Amino acid sequence: MNTLQLGTKGMNGPKVSAIGLGCMGMSGVYGPSDRAESIATIHAAMDAGVTLLDTGDFYGNGHNEMLIGEALKGLKGSQRDAALVSVKFGAMRDPAGGWIGYDARPAAVKNFATYSLQRLGVDHLDIYRPARLDPNVPIEDTVGAIADLVKAGYVRHIGLSEVGSQTIRRAAAVHPICDLQIEYSLISRGIEDDILATCRELGIGITAYGVLARGLISGHWKKDAASATDYRMHTPRFQGENADRNLALVEALRHIADAKGVTVAQIAIAWVAAQGDDIVPLVGARQRSRLAEALGALNLTLGADDLAAIERAVPKGAAAGERYAAAQMASLDSEPGRA
Ligand SMILES: NC(=O)c1ccc[n+]([C@@H]2O[C@H](COP(=O)([O-])OP(=O)(O)OC[C@H]3O[C@@H](n4cnc5c(N)ncnc54)[C@H](OP(=O)(O)O)[C@@H]3O)[C@@H](O)[C@H]2O)c1
């Protein structure tokens, strides 16, 4: 599999696979998941050359990190050495799974990291990032605390998540930032306004999540198919008429996919990959069959005609509904004033 470097322009960022595996869905966020199949999916990804595994300490309240830790134990030699784990911190949960705010104060950063190292069973975190900007803590303080962990050898690289250009510049002035993790898909293109240009100016890579809009534009999702515990049912794009309008966009994409003999998911993933060689799509596969489909996108090259046809099928801004519910939109430094 091709690799690319996150964090160029003298930053010596990590070399990662052209596609990364996002493990969030393996911890119940999108309804029940199967532990053995999740671990088999991580191993299949590594066998196929995927080296970047993405998680957050709050995914399943630590469950996701323990799952990845177990999967890592099953890897040997060079394959284990190749695995890079990218961890988000800062979101706080209560025992019932409720979301109770963010904490990115320096002491909290070091505390969160300590527990992540333990749950993952590793001696360092490859990329460590605050999941959101803590409105009560200057980003310089948060990044400064991670930089202390870098100096002490507990963290290799620093990333950011869902922050805007101004925050990116302030963070990068404290310590090299290897990547920004942010939602980017055919129906979530806010990054194109100025954030992508800022990252390119500074040599910061993009790890794009939600490339299938959490399954909505995968070609597999059906309205009303989700279980009650599925987080997506609280997301405006999956609800009522919004869902109908968004699924109509998927059908337009399906015509293009059928004509090329590929799947809708492969078109959607390949489109993100085609936006630049500094962009790594993170796919949220939690079953080997989905992973195989996603990896097939790497064999698909979209030419100018294809990209134009995709743009006609799903023009920028075509999605119905915001990508998060209002309260969560309000916590996005990357989307000022959108809540
Ligand atoms: N920084 C942040 O704020 C943030 C936020 C969210 C996520 N993330 C990270 O990004 C990763 C990816 O996000 P995501 O899971 O929302 O994105 P996604 O890849 O857009 O969506 C995953 C969903 O799409 C479905 N799907 C259908 N076909 C698929 C295929 N061929 N390959 C993969 N999935 C397919 C999955 O299916 P099934 O339901 O059938 O399994 C799953 O429900 C997460 O795991 C997490 O690590 C980061």
Side-chain angles (χ1 to χ4, degrees), residues 20-42 52-74 83 85-137 142 145-146 149 154-155 159-162 181 183 207 209-210 214-215 226-235 282-287 324-325 327-328 330-332:
L21 181 65
C23 300
M24 179 179 78
M26 299 174 182
S27 292
V29 180
Y30 295 152
S33 52
D34 181 280
R35 188 174 188 87
E37 181 61 24
S38 296
I39 290 177
T41 302
I42 294 173
L52 181 63
L53 303 176
D54 186 72
T55 184
D57 60 12
F58 46 89
Y59 292 162
N61 311 336
H63 173 278
N64 206 241
E65 290 181 317
M66 291 191 283
L67 181 85
I68 292 174
E70 190 179 331
L72 291 177
K73 281 199 193 85
V85 185
S86 156
V87 182
K88 290 179 291 299
F89 68 87
M92 296 190 296
R93 314 288 305 266
D94 66 22
W99 299 90
I100 53 174
Y102 287 94
D103 192 350
R105 293 170 301 152
V109 172
K110 292 174 185 175
N111 176 67
F112 283 135
T114 303
Y115 287 88
S116 285
L117 291 164
Q118 184 69 24
R119 282 188 291 259
L120 285 160
V122 297
D123 61 8
H124 69 270
L125 308 171
D126 295 290
I127 309 178
Y128 201 44
R129 72 183 82 242
R132 296 286 181 268
L133 178 68
D134 182 337
N136 301 313
V137 181
T142 302
I146 311 176
L149 294 171
Y154 296 118
V155 168
L160 296 170
S161 171
E162 286 290 359
Q181 192 171 110
E183 185 164 356
T207 42
Y209 77 82
R214 300 173 171 79
S227 71
T229 57
D230 192 324
Y231 149 88
R232 293 173 289 197
M233 297 325 291
H234 305 287
T235 307
L282 290 176
V283 297
R286 52 186 173 160
Q287 299 165 55
Y324 280 105
Q328 291 164 298
S331 71
L332 295 179

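Keep in mind that this is a model prediction, so the values were computed, not measured.
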* Asked: Just by distance, do the side chain of D103 and the backbone of R105 share a donor-acceptor pair under 3.5 Å?
  -> yes

* Ignoring hydrogens and geometry, is there a side-chain-to-backbone donor-acceptor pair from S161 to A131 under 3.5 Å? -> yes

* Can you tell me how far the CD atom of E37 sits from the CD1 atom of I42, to the nearest 0.5 Å? -> 11.0 Å

* Check for a donor-acceptor pair, side chain of N64 on one end and backbone N or O of C23 on the other, with a separation under 3.5 Å. => yes

* From N136 CG over to Y102 OH, what is the distance, rounded to the nearest 0.5 angstrom? -> 13.0 Å

* Asked: Within a strict 4.5 Å, meaning less than it, do heavy atoms of the L21 and M26 side chains meet?
  -> yes

* Asked: If you measure from the Lys or Arg side-chain nitrogens to the Asp or Glu carboxylate oxygens, is any gap between R286 and D34 under 4.0 Å?
  -> no

* Drop me the distance from N61's CG to M92's CE, to the nearest 0.5 angstrom. => 13.0 Å

* **Exercise: identify the closest heavy-atom pair between H63 and S27** => ND1-OG, 2.6 Å

* Trace of the side-chain contact (heavy atoms from CB on, under 4.5 Å) decision for V85 with L120 -> CA-CA 9 Å; V85 185; L120 285 160; 4.1 Å; yes

* Asked: How close do A113 and Y128 get, heavy atom to heavy atom, and via which atoms?
  -> N-OH, 3.0 Å

* With S86 as reference, evaluate D54, T207, D126 under the side-chain hydrogen bond (donor to acceptor under 3.5 Å, both in side chains) test and give the passing residue. => D54

* Asked: Just wondering, do Q181 and I127 contact through their side chains at under 4.5 Å, heavy atoms?
  -> no

* Closest approach of F58 to R93 (non-hydrogen atoms, all atoms of both residues) -> O-NH1, 2.7 Å

* For the atom pair CE (M24) and NZ (K88), what is the distance rounded to the nearest 0.5 Å? -> 8.0 Å

* Structure fact -> Only one of V137, L149, D134 passes side-chain contact (heavy atoms from CB on, under 4.5 Å) with V109, and that residue is L149

* **Heavy-atom closest pair, residues L117 and D123** => CD2-C, 3.8 Å

* Asked: Taking C-beta and beyond as the side chain, do R35 and E70 meet within less than 4.5 Å on heavy atoms?
  -> yes

* To do: Please report the shortest heavy-atom distance between P130 and I146, naming the atom on each side.
  => CD-CD1, 4.0 Å

* Asked: Going by atom types only, do K110 and Y154 share a side-chain donor-acceptor pair under 3.5 Å?
  -> no

* Within 45° of the ring axis of Y324 and under 6.0 Å from its six-membered ring centre, is that where the NZ or CZ of R214 lies? -> yes

* Measure up the F112 and F89 rings against each other and bin them: parallel (under 30°), tilted (30 to 60°), perpendicular (over 60°). => tilted

* Structure fact -> What one should report as the nearest heavy-atom pair of P106 and A145 is CA-CB, 3.6 Å

* To do: Kindly indicate, with the supporting measurements, whether the criterion side chain to side chain donor-acceptor pair (under 3.5 Å) is fulfilled by T55 and E65.
  => CA-CA 7 Å; T55 184; E65 290 181 317; 5.4 Å; no

* Asked: Taking atom CG of L67 and atom OG1 of T41, what is their separation to the nearest 0.5 Å?
  -> 9.5 Å

* Got a second to check how far L133's CG is from T142's OG1, nearest 0.5 Å? -> 7.5 Å

* To do: Without swapping roles, check the side chain of Y209 against the backbone of G22 for a donor-acceptor pair under 3.5 Å.
  => no

